[in-house]
Amino acid sequence: QVQLVESGGGLVQAGGSLRLSCAASGRTFSSYGMGWFRQAPGKEREFVAAISWSGGSTYYADSVKGRFTISRDNAKNTVYLQMNSLKPEDTAVYYCAASQFRVATMRSYEYDYWGQGTQVTVSS
């Protein structure tokens, strides 16, 4: 069992930056692939970024490529999402998720555990 708690969301102006953190419980964090997803009001949840168990592989949605960076610190049981050059269309609730598949995957059904989410609002 893995419990995930996101933090770092907030209100930022367009062009600004935020860093989201996701703290995981459990001693097996390093064996999970991790991902970030987001859901805007009235829209379906969408993939943002993913990272493999070792951090050696990452994968990004085209909409955030070059602006967002996913990373992890297995010693701290934490995964991060650095978000730069934020746009109003990035406004959403951001969720982190853990997958027993150790690779970086964009498929939401391959994730076994989900956090409660953190709100990111980007003003224009």
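Side-chain atoms are counted along with the backbone in the values below, which use heavy atoms only and exclude waters and symmetry mates. One is the number of the first residue; the rest follow in order along the sequence. Just so it is clear, the model here is predicted, and its values are computed rather than measured.
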Can you confirm if the aromatic rings of Phe37 and Tyr95 lie within a centre distance of less than 6.0 Å?
no
Is the distance between the ring centroids of Phe101 and Tyr32 under 6.0 Å?
no
Separation between [atom1] of [X] and [atom2] of [Y], rounded to the nearest 0.5 Å:
{"X": "Glu46", "Y": "Gln39", "atom1": "CD", "atom2": "CD", "value": "9.5 Å"}
{"X": "Arg67", "Y": "Gln82", "atom1": "CZ", "atom2": "CD", "value": "12.0 Å"}
{"X": "Met34", "Y": "Ser71", "atom1": "CE", "atom2": "OG", "value": "11.5 Å"}
{"X": "Lys76", "Y": "Ser21", "atom1": "NZ", "atom2": "OG", "value": "9.5 Å"}
{"X": "Asp90", "Y": "Ser63", "atom1": "CG", "atom2": "OG", "value": "7.0 Å"}
{"X": "Arg45", "Y": "Phe47", "atom1": "CZ", "atom2": "CZ", "value": "12.5 Å"}

Main chain of [Y], side chain of [X]: is a donor-acceptor contact present, judged purely on distance under 3.5 Å?
{"X": "Thr91", "Y": "Val122", "result": "yes"}
{"X": "Ser52", "Y": "Arg102", "result": "no"}
{"X": "Asn74", "Y": "Gly55", "result": "no"}
{"X": "Glu6", "Y": "Cys96", "result": "yes"}

Any idea which heavy atoms bring [X] and [Y] closest together, and the distance?
{"X": "Val48", "Y": "Leu81", "answer": "CG1-CD2, 4.1 Å"}
{"X": "Arg38", "Y": "Phe68", "answer": "NH1-CE2, 4.1 Å"}
{"X": "Ser57", "Y": "Ala104", "answer": "O-CB, 3.9 Å"}
{"X": "Leu20", "Y": "Gly9", "answer": "CD2-N, 3.6 Å"}
{"X": "Tyr111", "Y": "Gly33", "answer": "CE2-O, 4.2 Å"}
{"X": "Ala40", "Y": "Ala92", "answer": "N-CB, 3.8 Å"}

What about [X] and [Y], same hydrophobic cluster or not, with Ile/Leu/Val/Met/Phe/Trp/Tyr joined at side-chain heavy-atom distances under 4.5 Å?
{"X": "Val120", "Y": "Val79", "value": "yes"}
{"X": "Leu86", "Y": "Ile70", "value": "yes"}
{"X": "Tyr80", "Y": "Phe29", "value": "no"}
{"X": "Tyr113", "Y": "Ile51", "value": "yes"}
{"X": "Val64", "Y": "Val12", "value": "yes"}

Close side-chain approach of Met83 and Tyr94, heavy atoms under 4.5 Å:
yes
Quick one: are Trp114 and Ser108 in side-chain contact, heavy atoms under 4.5 Å?
yes
For Tyr59 and Val103, run side-chain contact (heavy atoms from CB on, under 4.5 Å): C-alpha distance rounded to whole Å, both residues' side-chain angles, the deciding distance at 0.1 Å, then the answer.
CA-CA 10 Å; Tyr59 188 46; Val103 300; over 6 Å; no
Does one side chain, of Thr105 or Glu110, offer a donor that lies under 3.5 Å from an acceptor on the other?
yes
Donor-acceptor pair between Asn84 and Ser17 side chains, under 3.5 angstrom:
yes
Does atom CD of Gln3 have more than 12 heavy-atom neighbours from other groups under 6.0 Å away?
no
Indicate yes or no: does Asp62 engage Lys65 in a salt bridge with an N to O separation below 4.0 Å.
yes
